[in-house]
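Computation of the quantities below employed the complete heavy-atom set of this structure, encompassing side-chain atoms and omitting hydrogens, waters and symmetry-equivalent molecules.
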Amino acid sequence: MKELLLKLFETIGRAYWLEITTEQPECTYYFGPYLSRKEAIAAQAGFLEDLTNEGAQNIEVNLQRCRTPKELTIFDDSESKKTLMPIFSFSH
(Lines give C-alpha, C1' and ligand atoms only; values in the text may rest on other atoms or scores of the structure.)
Protein backbone atom coordinates (compact mmCIF):
# COMPACT_ATOMS: atom_id res chain seq x y z
CA MET A 1 0.00 0.00 0.00
CA LYS A 2 2.86 2.37 0.86
CA GLU A 3 4.48 1.86 -2.56
CA LEU A 4 1.22 2.64 -4.34
CA LEU A 5 0.71 5.80 -2.31
CA LEU A 6 4.30 6.85 -2.90
CA LYS A 7 3.86 6.35 -6.65
CA LEU A 8 0.74 8.50 -6.55
CA PHE A 9 2.57 11.25 -4.64
CA GLU A 10 5.41 11.15 -7.16
CA THR A 11 3.01 11.39 -10.06
CA ILE A 12 1.24 14.46 -8.71
CA GLY A 13 4.43 16.09 -7.42
CA ARG A 14 3.62 15.78 -3.71
CA ALA A 15 6.39 13.39 -2.66
CA TYR A 16 9.12 14.74 -0.39
CA TRP A 17 12.67 14.99 -1.69
CA LEU A 18 15.84 16.08 0.03
CA GLU A 19 17.90 18.41 -2.12
CA ILE A 20 21.43 18.50 -0.72
CA THR A 21 23.95 20.88 -2.21
CA THR A 22 27.66 21.06 -1.50
CA GLU A 23 30.07 23.80 -2.47
CA GLN A 24 33.14 21.58 -2.46
CA PRO A 25 32.71 19.61 -4.62
CA GLU A 26 30.02 21.68 -6.31
CA CYS A 27 27.21 19.12 -6.44
CA THR A 28 23.48 18.80 -5.99
CA TYR A 29 22.05 15.49 -4.81
CA TYR A 30 18.41 14.46 -4.62
CA PHE A 31 17.33 11.77 -2.16
CA GLY A 32 13.85 10.41 -2.05
CA PRO A 33 11.02 10.04 -2.59
CA TYR A 34 9.43 10.04 0.84
CA LEU A 35 5.81 10.01 1.86
CA SER A 36 6.22 12.38 4.78
CA ARG A 37 8.37 15.22 5.97
CA LYS A 38 9.19 13.21 9.08
CA GLU A 39 10.45 10.26 7.02
CA ALA A 40 12.66 12.52 4.87
CA ILE A 41 14.16 14.31 7.88
CA ALA A 42 14.90 10.96 9.53
CA ALA A 43 16.88 9.86 6.46
CA GLN A 44 18.75 13.17 6.18
CA ALA A 45 21.31 12.45 8.91
CA GLY A 46 22.72 9.42 7.11
CA PHE A 47 23.22 11.31 3.85
CA LEU A 48 24.89 14.21 5.65
CA GLU A 49 27.19 11.83 7.49
CA ASP A 50 28.19 10.12 4.23
CA LEU A 51 28.91 13.41 2.47
CA THR A 52 30.86 14.76 5.44
CA ASN A 53 32.95 11.58 5.57
CA GLU A 54 33.67 12.02 1.85
CA GLY A 55 35.02 15.51 2.54
CA ALA A 56 32.13 17.58 1.20
CA GLN A 57 32.06 21.16 2.48
CA ASN A 58 29.38 23.81 2.97
CA ILE A 59 26.49 21.37 2.85
CA GLU A 60 22.95 22.75 2.63
CA VAL A 61 19.70 20.81 2.78
CA ASN A 62 16.40 21.81 1.26
CA LEU A 63 13.29 19.70 1.77
CA GLN A 64 10.84 20.02 -1.06
CA ARG A 65 7.76 18.42 -2.52
CA CYS A 66 8.08 17.64 -6.20
CA ARG A 67 8.12 14.98 -8.87
CA THR A 68 11.20 12.85 -9.33
CA PRO A 69 14.04 15.16 -10.45
CA LYS A 70 15.36 14.51 -13.95
CA GLU A 71 18.85 13.97 -12.55
CA LEU A 72 19.52 12.71 -9.03
CA THR A 73 23.11 13.92 -8.96
CA ILE A 74 24.23 17.11 -10.65
CA PHE A 75 27.95 17.70 -10.69
CA ASP A 76 29.41 20.98 -11.88
CA ASP A 77 32.57 19.84 -13.56
CA SER A 78 33.45 23.20 -15.11
CA GLU A 79 36.55 23.42 -12.91
CA SER A 80 37.69 19.93 -13.80
CA LYS A 81 37.26 20.70 -17.51
CA LYS A 82 39.62 23.63 -17.14
CA THR A 83 42.31 21.44 -15.66
CA LEU A 84 42.05 18.56 -18.13
CA MET A 85 45.11 18.02 -20.23
CA PRO A 86 45.16 16.07 -23.47
CA ILE A 87 46.57 12.58 -23.18
CA PHE A 88 48.19 12.68 -26.61
CA SER A 89 49.82 15.60 -28.29
CA PHE A 90 50.75 15.71 -31.96
CA SER A 91 53.41 18.06 -33.18
CA HIS A 92 54.65 18.64 -36.72
Side-chain angles (χ1 to χ4, degrees):
M1 182 65 178
K2 181 179 177 181
E3 292 297 320
L4 182 62
L5 191 56
L6 187 57
K7 193 70 176 169
L8 174 64
F9 275 32
E10 281 185 86
T11 302
I12 62 173
R14 301 302 293 168
Y16 285 92
W17 284 85
L18 291 168
E19 178 191 63
I20 300 179
T21 58
T22 63
E23 283 188 19
Q24 186 61 36
E26 193 171 326
C27 290
T28 302
Y29 306 92
Y30 291 94
F31 298 99
Y34 301 99
L35 280 178
S36 69
R37 176 183 178 88
K38 183 178 178 181
E39 184 182 0
I41 291 173
Q44 175 181 316
F47 299 127
L48 292 177
E49 182 180 346
D50 288 346
L51 289 169
T52 300
N53 289 340
E54 291 174 6
Q57 298 174 2
N58 297 328
I59 301 170
E60 290 188 22
V61 180
N62 180 30
L63 180 62
Q64 54 186 288
R65 297 182 94 174
C66 61
R67 291 187 174 140
T68 302
K70 291 180 181 175
E71 295 183 56
L72 298 180
T73 302
I74 301 168
F75 178 71
D76 183 7
D77 61 351
S78 57
E79 285 300 316
S80 63
K81 287 179 182 174
K82 291 177 187 174
T83 59
L84 290 178
M85 300 294 290
I87 296 174
F88 298 106
S89 176
F90 299 99
S91 60
H92 297 271

Checklist entry - Ion pair present between E10 and R65, side-chain N to carboxylate O less than 4.0 angstrom? => result no

Checklist entry - Less than 4.5 Å apart, any side-chain heavy atom of R37 and any of I41? => result yes

Checklist entry - Counting distance only, does the side-chain N/O of E39 pair as donor-acceptor with the main-chain N or O of L35 below 3.5 Å? => result yes

Checklist entry - Y29 pairs by side chain to side chain contact (heavy atoms under 4.5 Å, CB included) with which of L51, D50, L72? => result L51

Checklist entry - So T22 and N58, side-chain contact (heavy atoms from CB on, under 4.5 Å) or not? Walk me through it. => result CA-CA 6 Å; T22 63; N58 297 328; over 6 Å; no

Next on the checklist: Using side-chain contact (heavy atoms from CB on, under 4.5 Å), reason through Y30 and Q64 one step at a time and then give a plain yes or no.
Outcome noted: CA-CA 10 Å; Y30 291 94; Q64 54 186 288; 4.0 Å; yes

Item to check | Linked, directly or transitively: F9 and L4 (ILVMFWY side chains, under 4.5 Å) | outcome: no

Checklist entry - Does the side chain of V61 come within less than 4.5 Å of Q44's, by heavy atoms? => result yes

Checklist entry - Do E60 and T21 have a side chain donor and acceptor closer than 3.5 Å? => result no

Item to check | Exercise: identify the closest heavy-atom pair between Y34 and A40 | outcome: CD1-CB, 3.6 Å

Item to check | N62 vs W17, side-chain contact (heavy atoms from CB on, under 4.5 Å): CA-CA, chis, key distance, verdict | outcome: CA-CA 8 Å; N62 180 30; W17 284 85; over 6 Å; no

Checklist outcome for this item: Note: A56 and P25 closest approach over all heavy atoms is CA-CD, 4.2 Å

